[in-house]
Engineer: 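My questions all concern the structure below.
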There are 6 protein chains.
Amino acid sequence: MAVCITDIARPSAETVAKFQNAEVATVHESQGRKGLLSPKLRPIFRPARIAGPAVTCEVAPGDNWMIHVAVEQCQPGDVLVVTPTSPCTDGYFGDLLATSLQARGVKGLIINGGVRDIAVLTEMNFPVWSIGVFAQGAVKETLGNVNLPVVCGGAIIRPGDIIVADDDGVVVVKQEEADAVDENVKKREANEEEKRKILASGVLGLDLYQMRERLAEKGLRYVKQGEEA
Amino acid sequence: MAVCITDIARPSAETVAKFQNAEVATVHESQGRKGLLSPKLRPIFRPARIAGPAVTCEVAPGDNWMIHVAVEQCQPGDVLVVTPTSPCTDGYFGDLLATSLQARGVKGLIINGGVRDIAVLTEMNFPVWSIGVFAQGAVKETLGNVNLPVVCGGAIIRPGDIIVADDDGVVVVKQEEADAVDENVKKREANEEEKRKILASGVLGLDLYQMRERLAEKGLRYVKQGEEA
Amino acid sequence: MAVCITDIARPSAETVAKFQNAEVATVHESQGRKGLLSPKLRPIFRPARIAGPAVTCEVAPGDNWMIHVAVEQCQPGDVLVVTPTSPCTDGYFGDLLATSLQARGVKGLIINGGVRDIAVLTEMNFPVWSIGVFAQGAVKETLGNVNLPVVCGGAIIRPGDIIVADDDGVVVVKQEEADAVDENVKKREANEEEKRKILASGVLGLDLYQMRERLAEKGLRYVKQGEEA
Amino acid sequence: MAVCITDIARPSAETVAKFQNAEVATVHESQGRKGLLSPKLRPIFRPARIAGPAVTCEVAPGDNWMIHVAVEQCQPGDVLVVTPTSPCTDGYFGDLLATSLQARGVKGLIINGGVRDIAVLTEMNFPVWSIGVFAQGAVKETLGNVNLPVVCGGAIIRPGDIIVADDDGVVVVKQEEADAVDENVKKREANEEEKRKILASGVLGLDLYQMRERLAEKGLRYVKQGEEA
Amino acid sequence: MAVCITDIARPSAETVAKFQNAEVATVHESQGRKGLLSPKLRPIFRPARIAGPAVTCEVAPGDNWMIHVAVEQCQPGDVLVVTPTSPCTDGYFGDLLATSLQARGVKGLIINGGVRDIAVLTEMNFPVWSIGVFAQGAVKETLGNVNLPVVCGGAIIRPGDIIVADDDGVVVVKQEEADAVDENVKKREANEEEKRKILASGVLGLDLYQMRERLAEKGLRYVKQGEEA
Amino acid sequence: MAVCITDIARPSAETVAKFQNAEVATVHESQGRKGLLSPKLRPIFRPARIAGPAVTCEVAPGDNWMIHVAVEQCQPGDVLVVTPTSPCTDGYFGDLLATSLQARGVKGLIINGGVRDIAVLTEMNFPVWSIGVFAQGAVKETLGNVNLPVVCGGAIIRPGDIIVADDDGVVVVKQEEADAVDENVKKREANEEEKRKILASGVLGLDLYQMRERLAEKGLRYVKQGEEA
């Protein structure tokens, strides 16, 4: 029942570009706190920051055959998303596959598995978010699917959804919600910039966010040390 | 029953200064091998090194409201210590809270939970020891306590105790024991410096520490390869 | 029953030198995908790369006494391999032991346990692959063995076997197979270099490796998005 | 943005009944190896076996308020599925909630979090699949969603999908695919029953599944011990 | 600096008896949600339930010598609490030590480490809460402390504090707070019994706890499936 | 390079029989504390106890093809030992394979991976020690080895070595050392039986093992509570 879906719809380059400098944490908040991948996915080098449409790839444990199929479906600016059908830390991906992806203009890899050749990947400046590093390579025996919706790191990712990844991790934005999310991101960024200045001047969050009254209502008591009863 | 203790007693600036360049491992040994936090707490960037009095903060899982309360209790040179009441890797702390703490002269954060915005925190040179990085933010709904004694990473930390943290992890020194511990630290450092020179010259630890006799007593046998019976 | 085997046979300097620039992943593939240590062993700094004959050391949990015994058995170019008899993350090894090993010309340490003083070890450029960092030191009360075969990170390591370690992890090559493995390594490296160029030019792995026919035989279907039935 | 979806469509009682005695492993195979939840979800007592339509509930970490909202949406024969928005092992669920669910005829609970009162739940014969047991209760401060699609244990679960759970774990069957899956389940069960008899008689799987030729083609060699070259 | 504190103060038999049938979850709630040990401590057989004053014992990793010292300090009705100074899963405790403790009337063991001989311990009906089972025994080389306050499973336990353990885990009650906590426990038990009857009759928690208004205030919306806008 | 070694040498039935009632912990001690497998391998039901010669099987992650090859090599009384080449929790083994093994008189399975159909395996009384339970089945695409020496759970197991497994875990005894180990086991068992009686009578381990003097020498101090200085 293995299938490779071709000619997937992608968001416009303009839409994708909006997320190029967005922070994962801000995007996550801006879309109602959804779409975040597990914190087990960490970048192999820092700092790193990418955004692009997902090409998805489901592989068997210890088998990277379908990644080769997925490479052909990638276009410049894409982000490849790979997830095994059961937990596996094998090094599914190394410098040869990265060379191939980089030749096609792919921005980076998100893999709910292991990666290898990280010294070379770092020199190549090809960013990868993975659950670990392991030199154990993969076999090429079992089929899987390309460009079906997948669950990767606990989040649903459909081909063409926008992946945003930075030092904090990875978040996915639904293709059809991208422009609306971007508007929220812009508002939050402006808002946070303003807050940052106020906080840097020494104003307390307790005052800036007007928390004192609600804390008192909930019952917070202030007591001098040594005067506890 | 939530409480915020104010006006906590702190060690003198002189006492704190003694630990500014002390190594965590040396401090731990110097106070009888106690006070070390779990190795799960790791720095978000390296190298990093801080020492300062603890302001403690207990939060509900996924809720960082009380951190805002704790910020107001912090003074220049302090170290904020945050621990959830049950295991949680959410990103309780990010660049806005760091801006606020840095504005108050706080040296860093120890958190038995997750952190986010680590690219910005790294640029700000605001050190954090955490159990992970996660972009998932926190809510502000549930009260907790500030400046009560806490168990953080398996160690008891009371407000005003001195936190020492470096690339190896985090250790806590009881406020009332700080000067005595410092004396031991100084002795150990001098001793280790001397040993380092001797070992660098090629003298073996077996001889320097006079271990040969005790090893023989315990029954260690030396056998040439191929002559095992 | 503790024993220290002395005068172990080592591979020739020529043989060891062959592995100096070999990648762990390539060595692993070149010897039939065996000898790889667990991915839990990670370098304390990156990049790092060493190769050398193993001196093996088995220690009790939380006890590093036998490391001092092992140091004496090390010669220039060796790699020290330490494994506890049950899982333990204590910091068995720090800057004093590293000073001693560096004085003897030892290239690095592989330890299926914890390490400390990593800021100093990084400055000293003494590479360590460990399962973690922990300031908790060890005691010196219980004997163990030096230069017996050990299982470390799931792999069998005998004294004199060649350890190769880089950013991807650690692999062991049997002393008697080293020259044959090196021949395979050289072939793979040449082969990979050629593949890299072809892939960099935009040729797909599907074509380079002639995968299309076998994928079709196994039943992979290509379907345009929106035309799934 | 919290919402509780009411009046969800459920599969017919006939359809659900078909899965009452189906094994999780068989269902998983019968629907093309998809829909399986993470092995971290384990039953609190064994043996246990349930099947029923899902009512889904998304909760904040450490907060079980929305479970009370979800209870009202449950009908006889349902299975409640609870998932926190970030990893949390708190004991979200205990004997009072179980009493309420049992009063409504709910068959059991699937929770990607912790559970408590398991001695009483065992006496009540109310089955729960959870990631752990923890006496730490939850607060009731933060809203979440009821009957939106959720990712639980790595699988997508929509309200009304059929949950099948036994000693091996938990699998979800899409409502619209349930009858087709059941047909495959029945075929597999019959097929397995037949195979079981043949294998019990001593026939080897190598012969029953005609594996010998393909093994030879792939290159498997048989060698007598002592005759390895 | 190893010490064994003798003649520790214990709560009265009457006070201890009050907790004999108390549930861990109820005790935890009744003392303001504190004192709970990590969920990693699990009983080796179920059901199991004990309560008694703590004798505390701190051991080196892989070394159970001090448990022998602690045994002598135990009196009938006590609970022995053992914690290693760093994480270790070795089997510190087996049937011989259990025989000795049972001969002294000790009710059970709480150990933040491993245990062995669990088949025999189960037959003996000697309950143990541990972080795992491991046949690897311990050595007897390194001193530790008996009856100093310890942190075990993240909770502070002082000698004479009351340990309550059941299928849900372990909680500690401070000796001086025991009678007050017991009063709260009794109230909660009565209250829960009443609630259980009401919920069993089909009344919803939403109504029993009068949650509907507050849920609406916070913004929960009810929407029929298919009518989402 | 896949190979299946046939006609392996096994210890005599008499030798194997000696271990039938031996405890894993006792065997481990009796052979100098070696040969113990990782505590991650746990029995799927308790109590369970087996002993028999190992047939070893190395499989690819997520692939159980070679288990079918290994079944043919099993004889009555054997224990099948399966280990993946990289960490994998898939359910490699279920009731059909168990039926086949039971038909051949095999005593049980040791697998450094996952297992499924555990309800049926429990009814069949076919014991399995595994690292987990997972309904996800395996594919049959990749070759591996049968009856080569393997590292399983951190221990070296060669075909024909004796596996002993009980509720505490799994230990391996080298075929050539079996009779000598058994002698030690018998002595230890007699010794322990005697000790058990003495300890049950109330004699302390401190006295039975004459520990008091050595504790004092090492510096243990006894202090009455309240008299600490």
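These numbers come from a predicted model, not from an experiment. So you know, we letter chains A, B, ... as the sequences are listed, proteins then strands, and number each from 1.
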Engineer: Is it true that F/R188 and F/E23 make a salt bridge, defined as a side-chain N closer than 4.0 Å to a carboxylate O?
Structural biologist: no

Engineer: Please determine, among E/D117, E/T122, E/V146, the option with the most heavy-atom pairs under 4.5 Å with chain F.
Structural biologist: E/D117

Engineer: Does any heavy atom of chain F fall under 4.5 Å from the side chain of E/R116, the backbone, both, or neither of them?
Structural biologist: both

Engineer: Pick one of side chain, backbone, both or neither for F/V203, based on which atoms fall under 4.5 Å of a heavy atom in chain E.
Structural biologist: backbone

Engineer: Report yes if the side chains of E/L148 and E/V3 come closer than 4.5 Å at any heavy-atom pair, otherwise no.
Structural biologist: yes

Engineer: For the residue pair F/V59 and F/N64, establish whether any side-chain heavy-atom pair is separated by less than 4.5 Å.
Structural biologist: no

Engineer: In terms of side-chain heavy atoms, does E/Q102 have a donor or acceptor partner in E/K107 at a distance below 3.5 Å?
Structural biologist: no

Engineer: Within this structure, what is the CG-CH2 distance for the pair F/L220 and E/W65, rounded to the nearest 0.5 Å?
Structural biologist: 8.5 Å

Engineer: Counting only heavy atoms not in F/Q210 (residues, nucleotides, ligands), do more than 12 fall under 6.0 Å from its CD?
Structural biologist: no

Engineer: Counting only non-hydrogen atoms closer than 4.5 Å, does E/V120 touch chain F with its backbone (N, CA, C, O), its side chain (CB onward), both, or neither?
Structural biologist: side chain

Engineer: Against E/R104, only a single residue in E/D78, E/L80, E/V71 fulfils side chain to side chain contact (heavy atoms under 4.5 Å, CB included); can you say which?
Structural biologist: E/V71

Engineer: Considering only heavy atoms, which portion of F/R214 lies under 4.5 Å from any heavy atom of chain E: side chain, backbone, both, or neither?
Structural biologist: both

Engineer: Between E/R158 and E/E176, is a side chain to side chain contact (heavy atoms under 4.5 Å, CB included) present by the stated rule, with each step listed?
Structural biologist: CA-CA 11 Å; E/R158 303 165 311 165; E/E176 65 273 24; 2.8 Å; yes

Engineer: Does any heavy atom of chain F fall under 4.5 Å from the side chain of E/Q136, the backbone, both, or neither of them?
Structural biologist: both

Engineer: Which region of F/L37, side chain (C-beta onward) or backbone (N, CA, C, O), has a non-hydrogen atom less than 4.5 Å from a non-hydrogen atom of chain E, or is it both or neither?
Structural biologist: backbone

Engineer: Counting heavy-atom pairs under 4.5 Å to chain E, which of F/G169, F/A200, F/S201 comes out on top?
Structural biologist: F/A200

Engineer: Can you check whether F/T15 reaches F/D182 side chain to side chain, under 4.5 Å on heavy atoms?
Structural biologist: no

Engineer: Using heavy-atom distances under 4.5 Å, tell me whether F/R46 contacts chain E through its side chain, its backbone, both, or neither.
Structural biologist: side chain

Engineer: In terms of heavy-atom pairs under 4.5 Å with chain F, which of E/N145, E/T142, E/T99 leads?
Structural biologist: E/T99

Engineer: Highest number of heavy-atom pairs under 4.5 Å with chain F: which of E/A103, E/P159, E/G114?
Structural biologist: E/A103

Engineer: Given that the side chain runs from C-beta out, which part of F/L36 has a heavy atom under 4.5 Å from chain E: side chain, backbone, both or neither?
Structural biologist: side chain

Engineer: Checking heavy atoms, do the side chain of E/Q73, its backbone, both or neither come under 4.5 Å from chain F?
Structural biologist: side chain

Engineer: So which part of E/N147 gets closer than 4.5 Å to some heavy atom of chain F, the side chain, the backbone, both or neither?
Structural biologist: neither

Engineer: When only pairs under 4.5 Å are counted, which of E/G91, E/A98, E/S100, E/G94 shares the most heavy-atom pairs with chain F?
Structural biologist: E/S100

Engineer: Based on non-hydrogen pairs under 4.5 Å, which of E/L143, E/I67, E/L101, E/T89 is most in contact with chain F?
Structural biologist: E/L143

Engineer: Look at the rings of E/H68 and F/Y209 and say which category their plane angle falls in: under 30° parallel, 30 to 60° tilted, over 60° perpendicular.
Structural biologist: perpendicular

